[in-house]
Structure formats: C-alpha cells, structure tokens
Amino acid sequence: MNALVVCPECAHEWDPVQSDTGTGSVPGERVVKDAVGNVLQDGDTVVVVKALKVKGSPSGIKAGTKVRGIRLVDGVDGHDIDCKVDGFGAMQLKSSVVKKG
C-alpha cells in the first residue's frame, strides 16, 4: 500500500524507513524510549512507574523500584529491556512501564 508495509496477519501498517528509529535517519538503528519519551541506552538506570504482577510471587514489583544496568534486547511481545530486579532476579520489562532515572 503506497509507501507503507502491511502485516498480513494483524493488518498493522508501518513505514519501513522509519520502522525502528521513528525518525528515518539511520536505517536499522533501533531507538527505545521510556514511558515519558526519553531515549534509553544499555547500562542506564530506570525506575518502574507502575506496579507489576510477577508470576510465582505473592507481591509484585512496586512502583518506584529502581533497576540498574539495563540491557536493550529484541524481546517477545514488546519486552525490550533485559535486567535484574532486586528480590526478583533476571527478567524482561517493557520500556512503556519504566522511566529513566
């Protein structure tokens, strides 16, 4: 469809030039942004902005929990941050539930 690419399964449309960066400046360079729009990089410290449920744990991750030394990955279902959370261990988070801090 014109300059857009369409997924045959879910009908999602996107511009292949702007697919990863959102700016189209450097094809293939991936930019991950937090809940408020700050660009995240490997090694950043982030803060969880909303309470998260964790399978197998009676209490989840509370809002305000600080996570140090994140690593950006291409995860499943939008989980693009690989990290270790104190008290919970290694897990993947979505960038939409954290803010740079």
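Only a predicted model underlies this, so the values are computations on that prediction, with no experimental measurement involved.
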Closest approach of [X] and [Y], non-hydrogen atoms and distance?
X   : Y   : result
T45 : G69 : OG1-N, 4.4 Å
Q92 : H79 : O-CD2, 3.6 Å
A35 : S96 : CB-O, 3.4 Å

*side-chain hydrogen bond (donor to acceptor under 3.5 Å, both in side chains) with R68: which residues, sequence neighbours excluded?*
none
*Examine I81 and V49 and state if one hydrophobic cluster contains both, with Ile, Leu, Val, Met, Phe, Trp and Tyr joined whenever side-chain heavy atoms are less than 4.5 Å apart.*
no
*Out of curiosity, does V47 fall in the hydrophobic cluster containing F88 (side-chain heavy atoms, cut-off under 4.5 Å, transitive links)?*
no
*Check whether any side-chain heavy atom of V98 lies under 4.5 Å from a side-chain heavy atom of L40, and answer yes or no.*
yes
*Does D74 reach the side chain of D80, with side-chain heavy atoms less than 4.5 Å apart?*
no
_For D44, give me all partners under salt bridge (Lys or Arg N to Asp or Glu O under 4.0 Å), at least two apart in sequence or on another chain._
K100
*I61 and V54: side chain to side chain contact (heavy atoms under 4.5 Å, CB included), yes or no, with the steps?*
CA-CA 7 Å; I61 299 172; V54 178; 3.8 Å; yes
*If you measure from CG on L72 to CG on D82, what distance do you get to the nearest 0.5 Å?*
9.5 Å
_Side chains of S95 and D34, donor plus acceptor under 3.5 Å_ = no
